Amino acid sequence: MEMKASGAGANAPVSKGFGRFFLPGPTEVLPELLEAQLKPMIGHRGADIKALMEKLQIGLEDVFRTERTVFLSTSSATGFMEAAVRNGVRRKALALVNGAFSERFGELVTSCGLEVEVMEVPWGQVHDPQAIRDRLKKGGIDAITVVHSETSTGALNPIQDIARVANEADDVVILVDSVSGVAGAELWSDRWQLDFVLTGSQKALALPPGLAFGVASERMMDRSKAAKGKGQYFDLMEFAKTQADNMTPATPALSTMYALEVQLQRIAKETMEGRWQRHAAMRDATVEWVDQMRGERGVDVSVRAREGFRSPTVTTLNMPAGKTSPPVVAAMKDRGIVLGGGYGKLKEPTFRIGHMGDHTVAGLETVLEVLEEVLTA
Ligand SMILES: *Cc1c(COP(=O)(O)O)cnc(C)c1O
């Protein structure tokens, strides 16, 4: 991908005071999006909500690269991970695990009373489509759970290739958590034939938390129709039914939707391709900086994920041998910059830079300069 970001003002300074909060979720929200939330309430049945939902739908379809309805749930993204499982898994899922979030996706299957088989690779690596193909051939699996961008490790799974394997198999649906992917990392819901893709508002969409979004294939909706004990709140049939009429099953997080309306206008201006390029450029700038640190400054930090499989939205850095990350994250905070600590069992040996949402290469470079000071102090 090209280094240069394109699109309207993609790398221009976005707003004064913006660009100091690089947590990989929730991410920094532009002041104009926060302000958009101040509008008064509207009824969640009737003309006003229908007009709003209709507008949101058009923008969301572009974000998900789909012609299908994008379901909107008032929940965190975990809610739609649960929806994926409750509606999509018939009996037994193959959980592809390569980090903390994919591990949680697999555990969720068991907690819904369904069976799971875990296929785990070391945290930081991605899954090999051939190994998945070999396992599916043995039978017994009717769904795959997979995380696109593993926010704990910064690894980007080859979703298109994994989907191809799932689609070759006999009646295996692919359920994709793209929470830190969608709107930052390239993804095509329809073209790649993904059965369910989900994200949340507070990652690469750079909105306040409160909303989850998902797209289901026809095959997924057939599974949903047949699913027993799926409950009501995350029943995809309910979303399909009410959203056909531009409303939601229950009262939605209206304020977050107001912010989304403005954000979708901004995204349309930048274009999704421009957004993907800007994120890739932020990843590349981070990797380049790490190379400099190692080569010129003698600081032994390294990128956890392998080249070619690095997420454009989050980079997980391994600390030099014998050092832990909490003092680094604390020193950055003292300097007014928030980074993510290591996640789960990677808490001490790693830390994370969430370069997603409305951050820019220019803003990121400021952060890396300060980080260089901290690491060489
Ligand atoms: C943040 C995240 C989640 C959980 O999202 P919530 O909105 O906190 O429920 C799940 N998966 C991935 C990959 C994430 O980055």
Side-chain angles (χ1 to χ4, degrees), residues 21-29 64 71-86 88 93 95-109 111-112 120-121 123-127 144-159 162 174-185 187 194 196-214 233-234 252-253 256 259-260 279 283 304-305 309-316 338-347 350-357 359:
F21 189 79
F22 283 71
L23 215 58
T27 56
E28 192 163 355
V29 180
F64 276 86
F71 298 143
L72 183 152
S73 161
T74 290
S75 66
S76 86
T78 307
F80 260 3
M81 289 168 83
E82 188 162 328
V85 170
R86 286 189 183 278
L96 305 184
V97 175
N98 62 339
F101 291 100
S102 45
E103 182 177 62
R104 200 199 286 177
F105 208 176
E107 288 165 358
L108 222 153
V109 176
S111 74
C112 290
E120 185 162 357
V121 296
W123 290 21
Q125 295 188 18
V126 297
H127 286 86
I144 291 175
T145 62
V146 61
V147 170
H148 182 202
S149 162
E150 227 323 329
T151 318
S152 62
T153 66
L156 189 76
N157 247 323
I159 289 298
I162 295 171
I174 174 160
L175 311 171
V176 183
D177 164 343
S178 185
V179 179
S180 67
V182 168
L187 175 135
L194 308 176
F196 194 63
V197 182
L198 71 105
T199 193
S201 52
Q202 80 281 17
K203 301 276 170 92
L205 280 165
L207 293 163
L211 293 174
F213 309 96
Y233 197 71
F234 293 120
T256 312
L260 173 63
H279 282 84
R283 178 217 24 230
R304 189 160 191 97
F309 300 97
R310 291 171 175 158
S311 174
T313 64
V314 52
T315 299
T316 298
V338 176
L339 298 182
Y343 196 92
K345 69 180 183 190
L346 300 178
K347 182 170 173 51
T350 71
F351 65 101
R352 299 172 301 153
I353 305 175
H355 35 72
M356 66 180 111
H359 286 308

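All figures in this text were calculated on a predicted structure; none of them were measured in a lab. Atoms within each ligand, like the ligands themselves, are counted from 1 in listed order.
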Minimum-distance pair of heavy atoms, taken over all atoms of S201 and G210:
OG-N, 3.4 Å
Closest approach of P208 to T256 (non-hydrogen atoms, all atoms of both residues):
O-CG2, 3.5 Å
Does an N or O from [X], backbone or side chain, lie closer than 3.5 Å to an N or O of ligand 1?
X    : answer
R104 : no
M81  : no
S149 : no
S76  : yes

For [atom], the protein heavy atom that lies nearest, with its residue and separation:
atom                    : answer
atom 11 (N) of ligand 1 : D177 OD2, 2.6 Å
atom 5 (O) of ligand 1  : A77 CB, 3.5 Å
atom 8 (O) of ligand 1  : Q202 NE2, 3.7 Å
atom 4 (C) of ligand 1  : T78 OG1, 3.8 Å

Checking R86 now: which residues fulfil salt bridge (charged side-chain N to carboxylate O under 4.0 Å, His left out) with it, not counting sequence neighbours?
E82
How long is the gap from [atom1] on [X] to [atom2] on [Y], to the nearest 0.5 Å?
X    : Y    : atom1 : atom2 : answer
T153 : W123 : OG1   : CH2   : 9.0 Å
E150 : T316 : CD    : OG1   : 8.5 Å
L23  : R352 : CG    : CZ    : 7.0 Å

Which residue, T315, T27, T313, forms the side chain to side chain donor-acceptor pair (under 3.5 Å) with H355?
T315
Kindly identify the option in E82, K203, E150 whose heavy atom sits closest to atom 1 (C) of ligand 1.
K203
Using 30° and 60° as the class limits, which term best fits the ring planes of F80 and F196: parallel, tilted or perpendicular?
perpendicular
If the cut-off is 4.0 Å to any non-hydrogen atom of V147, which atoms of ligand 1 fall inside it?
13 (C)
Against heavy atoms of T151, which atoms of ligand 1 measure under 4.0 Å?
12 (C), 13 (C), 14 (C), 15 (O)
